[in-house]
Amino acid sequence: MFCSSECQNLEFVLRMGAHGFKIFVSLILLVDLCSSALVEQQPLVLTYHNGPLLTTIPTVDIHVIWYGRFSPAQRSIVGDFVQSLQASKSMEPSVYSWWKTTEKYSGASNKAPAMANTRLGKQMLDDGYSLGKSLNRSHIVALVERAIASRAVPENGNSVYLVLTSDDVTVEGFCMSCGFHGNLLAAKKLPLPLPYAWVGNSETQCPGQCAWPFHQPLYGPQTPPLVAPNGDVGIDGMIINIATVVAGAVTNPFNTGYFQGDAAAPLEAVSACPGIYGKGAYPGFPGDLLVDKTTQASYNAYGINGREFLLPAMWDPATRSCKALV
């Protein structure tokens, strides 16, 4: 009787018995593993879509609009972070070193000067909830327009207008998104729209999504949360999200910069590297981080005034990979 090669293999396996069968299966799995290892992983690429960037502007001001009730200590943490984006004498790894990666996002000519300075601009406090405690996206735009109209913040194209909402304010799409950025038309005749961004304090709304790893994740392994470096889960979570949206705002301000995928829901400089904060990161584990010996807080960046922050990895155009500080 003629037996095909598949038939002969089956006959061979049956003759080996149980122990031999286990060895055979192990060999098959090993071959499969080796074959998988030979498949080269494709590099992550954020395509440049030939539009203007803020990374090629000599100085970028970040004006902050505080909506709701933030304590002076909370405003100080955020203010110190934004000021840390510019050159300072902070120890390494520093917030400034992290931010300098944005200089590699060059313009269409690839000859434009890199952004030399990012600084904290004007600040406006709206602790009276002038638009209520339930906002939609149009309210975020309105807050920026009102701040400019009242001259609380200046109107210029070399700025990012950052709206921050307190933990008792709900915003349309909050928790589905921990922050976003966009642009609006200027009242003056400026050559380009004005970039703005929003981030909310998620401590009482969805910390498992927007304050991880300082809170247990909403899904996946329920690993113990890390200790927040500034002692405030909501604000330290906001720092991560502020870093994400501001990096997106300068490298893809008008949806014609650097991104991957659909322009309506793009993967940008930081959002393309989710959950990575240090070496060895994998889903549910942020990576190996620095730990403060006194507070046991986890961080990966030093800022001004002795601050410690945890910052997400950013896509590096030079290596085409997600780059973490540690």
Side-chain angles (χ1 to χ4, degrees), residues 59-66 69-103 115-125 160 162 164 166-167 178-179 197 199-203 207 210-215 224-247 250 269-270 276-281 286-314 323-326:
T59 300
V60 173
D61 294 323
I62 299 179
H63 304 297
V64 183
I65 300 167
W66 301 90
R69 294 180 182 176
F70 290 90
S71 70
Q74 291 176 323
R75 297 199 300 271
S76 176
I77 294 169
V78 175
D80 283 352
F81 168 68
V82 175
Q83 291 186 79
S84 297
L85 295 175
Q86 59 186 333
S88 68
K89 297 181 180 179
S90 301
M91 294 188 295
E92 294 295 337
S94 67
V95 173
Y96 178 63
S97 294
W98 175 84
W99 186 243
K100 277 181 69 66
T101 300
T102 63
E103 294 181 1
M115 178 170 48
N117 194 25
T118 302
R119 60 192 183 187
L120 178 64
K122 300 292 185 180
Q123 300 186 62
M124 173 184 173
L125 181 60
V160 175
L162 179 61
L164 304 178
S166 57
D167 59 1
C178 302
V199 170
N201 187 331
S202 65
E203 184 171 12
C210 298
W212 184 84
F214 303 125
H215 190 281
L226 303 181
V227 177
N230 294 286
D232 190 316
V233 170
I235 295 297
D236 279 300
M238 288 185 79
I239 294 298
I240 294 172
N241 300 319
I242 290 170
T244 300
V245 299
V246 172
V250 300
V270 174
I276 303 174
Y277 297 88
K279 291 181 180 178
D288 296 322
L289 305 172
L290 303 176
V291 178
D292 188 288
K293 294 180 179 179
T294 302
T295 64
Q296 297 302 303
S298 296
Y299 65 99
N300 61 7
Y302 294 100
I304 67 170
N305 298 326
R307 293 284 189 192
E308 297 167 347
F309 300 104
L310 183 63
L311 300 180
M314 187 187 302
K323 176 183 176 183
L325 277 173
V326 296

Residue from Leu226, Leu289, Leu325, Asp292 passing side chain to side chain contact (heavy atoms under 4.5 Å, CB included) with Tyr299: Asp292
Grab the two heavy atoms, one from [X] and one from [Y], that are nearest each other, plus how far apart they are.
{"X": "Gly200", "Y": "Met238", "value": "O-CG, 3.6 Å"}
{"X": "Val291", "Y": "Ser298", "value": "CG2-OG, 4.2 Å"}
{"X": "Pro229", "Y": "Asp236", "value": "CG-OD1, 3.4 Å"}
{"X": "Leu310", "Y": "Asn300", "value": "CA-OD1, 3.5 Å"}
{"X": "Glu203", "Y": "Asn201", "value": "N-OD1, 3.0 Å"}
{"X": "Gln74", "Y": "Trp66", "value": "O-CH2, 4.3 Å"}

Taking the side chain as C-beta and beyond, is there a heavy-atom pair between [X] and [Y] under 4.5 Å?
{"X": "Asp61", "Y": "Val160", "result": "no"}
{"X": "Tyr277", "Y": "Ile240", "result": "yes"}
{"X": "Cys210", "Y": "Asn241", "result": "yes"}
{"X": "Ile242", "Y": "Val78", "result": "yes"}
{"X": "Ile65", "Y": "Leu164", "result": "no"}
{"X": "Asn117", "Y": "Val60", "result": "no"}
{"X": "Ser90", "Y": "Ile304", "result": "yes"}
{"X": "Arg75", "Y": "Leu125", "result": "yes"}

Look at the side chain of [X] and the backbone N and O of [Y], then say whether any donor-acceptor pair between them is shorter than 3.5 Å.
{"X": "Ser84", "Y": "Gly303", "value": "no"}
{"X": "His63", "Y": "Lys122", "value": "yes"}
{"X": "Trp98", "Y": "Pro312", "value": "yes"}

Go through the steps for Arg69 and Asp167 under the test side chain to side chain contact (heavy atoms under 4.5 Å, CB included), then give the verdict. CA-CA 8 Å; Arg69 294 180 182 176; Asp167 59 1; over 6 Å; no
Contacts of Asp80 that satisfy side-chain hydrogen bond (donor to acceptor under 3.5 Å, both in side chains) - sequence neighbours left out: Asn305, Arg307
Ring centres under 6.0 Å, that's the criterion: do Phe81 and Phe309 meet it? yes
Using a strict threshold of under 4.0 Å (side-chain N to carboxylate O), is an ion pair present between Asp288 and Lys279? no
Just verifying a value: how many Å separate Gln83 CD and Ile62 CD1, rounded to the nearest 0.5 Å? 10.5 Å
Does the side chain of Glu308 pick up a donor-acceptor pair with the side chain of Asn230 at under 3.5 Å? no
Stepwise, does the side chain to side chain contact (heavy atoms under 4.5 Å, CB included) test hold for Thr101 with Lys323? CA-CA 9 Å; Thr101 300; Lys323 176 183 176 183; 3.9 Å; yes
